[in-house]
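Below you'll find the structure, written out as structure tokens, and then a few comments.
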Amino acid sequence: AQSVTQLGSHVSVSEGALVLLRCNYSSSVPPYLFWYVQYPNQGLQLLLKYTSAATLVKGINGFEAEFKKSETSFHLTKPSAHMRDAAEYFCAVSEATGRRALTFGSGTRLQVQP
Amino acid sequence: ETGVTQSPTHLIKTRGQQVTLRCSSQSGHNTVSWYQQALGQGPQFIFQYYREEENGRGNFPPRFSGLQFPNYSSELNVNALELDDSALYLCASSLGTEQETQYFGPGTRLLVL
């Protein structure tokens with residue numbers, strides 16, 4: 001069974017500061033990993049994905065994430081936060097074969113202070 | 001290219017009633033997955049449809065059922081609504097079950113009173 005743990009339900013940073021959102025996963029098979037962002041009253045938008053190619057993945061809006069198999073982690077980072085980054089962020093895992101159903105973490109709400 | 005659309009956007013029902021939610025997949029996508037997102041939680045997988053057949057189901061009771069039509073649009077039906085069914089219901093489409101990326105619609109917010 002797969003699972004995702006997102007450490008910190010709320011993260012607050014100052015505008016221009018580094019953003020680090022943590023995600024650890026468990027999976028019995030090589031996983032595919034995703035980060036999605038959800039703005040208030042909206043659906044989920046894909047930020048980036050890892051599908052067993054390069055371990056450092058670049059996504060939209062300046063975000064990137066690094067897959068570390070030894071640590072079973074897939075942390076999301078952005079060098080400089082912007083006010084528009086304030087949203088809920090979800091890490092998700094799916095199996096590399098089969099129905100590819102996503103298992104999500106509980107989410108991290110990012111607050112950006114001016 | 002049209003993205004994933006869902007209707008209605010909001011819905012209020014009373015306990016015991018039945019509800020139908022609708023989803024139109026992104027152009028060219030033949031696989032639709034449904035997720036339930038309770039307040040303050042991550043989405044949970046309900047089931048997936050591929051070419052009009054159910055292709056896997058999460059830990060949800062049989063009163064959650066679905067359909068996929070020849071144009072790959074989909075419906076989620078929930079019978080005998082319970083208060084805990086209040087949630088945002090998200091539909092996601094992808095191109096075949098082997099394509100890893102799912103694209104989400106804006107969701108339908110259901111409130112059960």
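Just so it is clear: chains get the letters A, B, ... in the order the sequence lines come, proteins before strands, and each one is counted from 1.
What you find for Q38(A) and L88(B) is that their closest heavy atoms are NE2-CD2, 3.7 Å.
Contact check for Q37(B) versus F90(A): side-chain heavy atoms found under the 4.5 Å cut-off. In this structure the side chain of F104(B) never reaches within 4.5 angstrom of the side chain of Q42(A), judged on heavy atoms.
Put simply, L90(B) and L21(B) are part of two different groups of oily side chains (I, L, V, M, F, W, Y) that touch within less than 4.5 Å, one to the next. Linking Ile, Leu, Val, Met, Phe, Trp and Tyr residues whenever their side-chain heavy atoms come within less than 4.5 Å leaves V4(B) and Y49(B) in two separate clusters. Note: the hydrophobic cluster containing L39(B) does not contain L83(B) (ILVMFWY, side chain heavy atoms under 4.5 Å, direct or indirect links). One hydrophobic cluster holds both V32(B) and F60(B) under the rule that ILVMFWY side chains link at heavy-atom gaps under 4.5 Å. Under a hydrophobic clustering in which Ile, Leu, Val, Met, Phe, Trp and Tyr are joined whenever their side-chain heavy atoms come within less than 4.5 Å, directly or via other members, Y50(A) and F34(A) fall into different clusters.
No more than 12 heavy atoms of other residues, nucleotides or ligands sit less than 6.0 Å from atom CG of N59(B). Within 6.0 Å of CZ in R51(B) there are 12 or fewer heavy atoms belonging to other residues, nucleotides or ligands.
Residue contact with chain B, scored on non-hydrogen atoms closer than 4.5 Å, involves the backbone and the side chain of L44(A) alike. Contacts between F47(B) and chain A at a heavy-atom distance below 4.5 Å are absent for every atom of the residue.
Once rounded to the nearest 0.5 Å, the distance linking NE2 of H10(B) with CG of N41(A) reads 6.0 Å.
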Open item on the list: Could you go through F45(B) and F104(A), starting from their C-alpha distance and side-chain angles, then the distance that decides it, and tell me whether this counts as side-chain contact (heavy atoms from CB on, under 4.5 Å)?
Closed with: CA-CA 9 Å; F45(B) 175 71; F104(A) 286 86; over 6 Å; no

Open item on the list: Run the side-chain contact (heavy atoms from CB on, under 4.5 Å) test on T101(B) and Y32(A) for me, step by step, so that the C-alpha distance in whole Å, both residues' side-chain angles and the decisive distance to 0.1 Å come before the verdict.
Closed with: CA-CA 9 Å; T101(B) 304; Y32(A) 286 175; over 6 Å; no

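Among the candidates C91(B), G105(B), P43(B), the residue making the largest number of heavy-atom pairs closer than 4.5 Å to chain A is P43(B).
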